[in-house]
2 protein chains.
Amino acid sequence: MVSDSSSKRLTIYDLARLAETSPSTVSAVLNGTWQRRRISKKLASKILSLAQSEGYSANMQARALRRERSGIIGMILPLYDNRYFSSIAQHFESEARRRGLFAIVSCTNRDPKQECEAARMMLAYRVECLVCTGATDPDTIAQMCAESGVQSLNLDLPGSKAPSVISNNREGARQLTHAILNRLAEEKRSDDPVLFIGGRDGDHNTRERIAGFKQAREEVGLATAEENILPCDYAADKAQAALETYMCKRSTLPSAMFVNSTISLEGIVRGLQLNGYYLDDIIFGCFDWDPLAAAFHPRLMMVRQNVIEMIDRVFELIDTPPQDPHLLIEVQPDIMGV
Amino acid sequence: MVSDSSSKRLTIYDLARLAETSPSTVSAVLNGTWQRRRISKKLASKILSLAQSEGYSANMQARALRRERSGIIGMILPLYDNRYFSSIAQHFESEARRRGLFAIVSCTNRDPKQECEAARMMLAYRVECLVCTGATDPDTIAQMCAESGVQSLNLDLPGSKAPSVISNNREGARQLTHAILNRLAEEKRSDDPVLFIGGRDGDHNTRERIAGFKQAREEVGLATAEENILPCDYAADKAQAALETYMCKRSTLPSAMFVNSTISLEGIVRGLQLNGYYLDDIIFGCFDWDPLAAAFHPRLMMVRQNVIEMIDRVFELIDTPPQDPHLLIEVQPDIMGV
DNA sequence: CGAGCATGCACAATCGGTTGTGCATGGCAT
DNA sequence: ATGCCATGCACAACCGATTGTGCATGCTCG
């Protein structure tokens, strides 16, 4: 460490002075274009070892400004409060890193205003692409990106103004429902009602899951009463309250429930415990995955969305941007615990 | 939208042309320094409305370059796989946003190499401050930051080269242990052994929690056998295996367990279910918080670390950087479910 | 021996804001 | 009429990297 003690960071100009050469040469060496620029190997290695020993680190802002490429890729996410979104963030990050991109992730609490604000910030930082995960209003953001000439993609929930990668919710729900019905059949309780609870009515994924639920029942010759479908929002408290209300009208607990998320499951389980019900009697299917929950309940089947494949698809779309904004890629989730 | 259809983003130069004024004036108006620069109100509002209608968004890279301040604040995190780290990320982000800073969070999988690499990237993006959460090697990163003249802080796990904000692990563990022992006493099983399981032996937090565990037992006149302390690492599989091994030597399950994290709890619960044990008989204390797990088990007490206060303390340290790198701030966690 | 080419590097413009400084204009007091 | 100050804005340097271009040197070949 020979550098002067001034607190300023080292620049290519400093390195040029130290190596007795020009800044442009230093730049070429440090960003790997030196062979193309016919810098001698000797000078190159001198500069490289100098950069090493002095702890040089390129100023990404300056680079981004000049290159007109930030090297940043953005994602907006509702929350980190479940395994699904957490692992989306994590895989997004590591896949970005693998490609030499820097990932920035912003939580927007399922709030359209925060979504917009986050998107605006990301565009200000000149992200090269923006992935909107589970956005309540994906099209507004897609519009903003389009106006800035930035590619955008939807993940988890589809939009109409940018290509989307989502789970095959209908098929996942169909399979989960069949798994539930099979369990019921094994126990000779095929005709018991199954309660579908959680999620948002207007939400694309919830609609699809309800459709898959009904379809599976139809396939084994069962009709589905509308009173057994309760899209009461995702929040734990909402689910708990909805179940209370449901139970007011009848004496006996449903033998099985299709719960639309782990956060809803939390409310359900809490409510049942509070009322002294024995949980293990109930067959649960949850469209979400949480290994700790799975460990606790012996008859809890869960849908694990294929996050790795979804993220892979996202990056494929980033590599070769499709022209059709309506493109919808559906990834098959796995059923755990059957 | 009068702007030309060229895909290039609008700059202050474009706005200056449109408003028939100079770039410096546009800049002053847009960053709020126009009064100080005696720009007329009339011209200012003209420029502002133009910027609005044309959808101007400042290039943060250019701003950061000139101002020599990125407006970015970084955090490195082991994982997002539990509620604790997730909420740390979330609160960090919203608190940063409240202060006009842009938060970037990077997961490093408890891997010192990845930690370094992430820190290097963050420094390259000229973060104004770096918070190292649960870092396996916080001092190396603190060193890197110091060399770049960037402030750094440790969170969750302390370091010796930068101020640290952590939970009061010993006191939290002491209280949790007392809660466990009280439950045992209520059931007239005060003398039953309690198993401490999970965590890393070398890890500061684990050491403190073990100390708190022993101290609580001592306070009620109980000795602690070393064979009942199993810091087998955090991973679920490790905990599951450690419990198997422990059980090989004895016939009966411990009446109560102090589990060092939800991830360890996952392995324990899975192992017990596999072996057909009835979970509800066991009193669990877990040094971690997960509302879904809490809903499932009626006798699971959990330590909820006070993330909000911890993040507040972190930002206080950012606002007024202390000179002493050994400063250690301990925040009291809450015991849930007693 | 001179043309021609390869080699090895330096110069300078540029990316888009920020900010110290300077200049023209007009009003007011002397 | 002259000096002085406030007003309102423009100029230009600068942040640190990137990159098109140009120039000096040395070597080869006819």
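Below, chain A is the first sequence line, B the second, and so on; all start at residue 1.
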Between [atom2] of [N] and [atom1] of [X], the distance in whole Å:
{"X": "B/Tyr13", "N": "D/dC11", "atom1": "OH", "atom2": "C1'", "result": "11 Å"}
{"X": "A/Glu54", "N": "D/dG16", "atom1": "CD", "atom2": "C1'", "result": "17 Å"}
{"X": "A/Ile47", "N": "C/dG8", "atom1": "CD1", "atom2": "C1'", "result": "12 Å"}
{"X": "A/Arg36", "N": "D/dT19", "atom1": "CZ", "atom2": "P", "result": "8 Å"}
{"X": "B/Leu65", "N": "D/dA13", "atom1": "CG", "atom2": "C1'", "result": "13 Å"}
{"X": "A/Arg67", "N": "D/dT19", "atom1": "CZ", "atom2": "P", "result": "6 Å"}
{"X": "B/Lys42", "N": "D/dC9", "atom1": "NZ", "atom2": "C1'", "result": "13 Å"}
{"X": "B/Arg126", "N": "D/dC15", "atom1": "CZ", "atom2": "C1'", "result": "11 Å"}

Would you say [X] places a side-chain N or O within less than 4.0 Å of OP1 or OP2 belonging to [N]?
{"X": "A/Ser27", "N": "D/dT18", "value": "yes"}
{"X": "A/Asn59", "N": "D/dC15", "value": "no"}
{"X": "B/Asn31", "N": "C/dG17", "value": "no"}
{"X": "B/Ser40", "N": "D/dC9", "value": "yes"}

Which is true for [X] with a 4.0 Å heavy-atom rule: it touches a base, it touches only sugar-phosphate, or it touches nothing?
{"X": "A/Ala58", "answer": "sugar-phosphate"}
{"X": "B/Ser24", "answer": "base"}
{"X": "A/Leu30", "answer": "nothing"}
{"X": "A/Thr11", "answer": "sugar-phosphate"}
{"X": "A/Thr33", "answer": "nothing"}
{"X": "B/Arg63", "answer": "sugar-phosphate"}

Quiz item: Considering only side-chain heavy atoms of B/Tyr56, which listed nucleotide, C/dG17, C/dC9, D/dG16, is closest?
Solution: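 Within the option list, the nearest is C/dG17.
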
Exercise. Measure the CD-OG distance between A/Glu128 and A/Ser70 for me, rounded to the nearest 0.5 Å.
Key: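 Separation between the atoms: 4.5 Å.
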
Quiz item: Rounded to the nearest 0.5 Å, how far does CD of B/Glu316 lie from CD1 of B/Ile311?
Solution: 12.0 Å

Quiz prompt | Heavy-atom neighbours of B/Leu328 CG exceed 12 at 6.0 Å | solution =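 More than 12 within 6.0 Å, yes.
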
Quiz item: Does CZ belonging to B/Arg99 count more than 12 external heavy atoms closer than 6.0 Å?
Solution: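 Yes, the 6.0 Å shell around CZ holds more than 12 heavy atoms from other groups.
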
Quiz item: Do A/Phe315 and A/Phe92 have ring centroids that are under 6.0 Å from one another?
Solution: yes

Exercise. Write down the atom of B/Glu54, the atom of B/Leu10, and the distance for their closest heavy-atom approach.
Key: CB-CD2, 3.2 Å

Self-check item: Under 3.5 Å donor-acceptor pair, B/Arg66 side-chain atoms to D/dG16 base atoms
Solution: no

Exercise. Test for a donor-acceptor pair under 3.5 Å between the base of C/dG20 and the side chain of B/Arg37, counting only N and O atoms.
Key: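 A donor-acceptor contact between them is present.
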
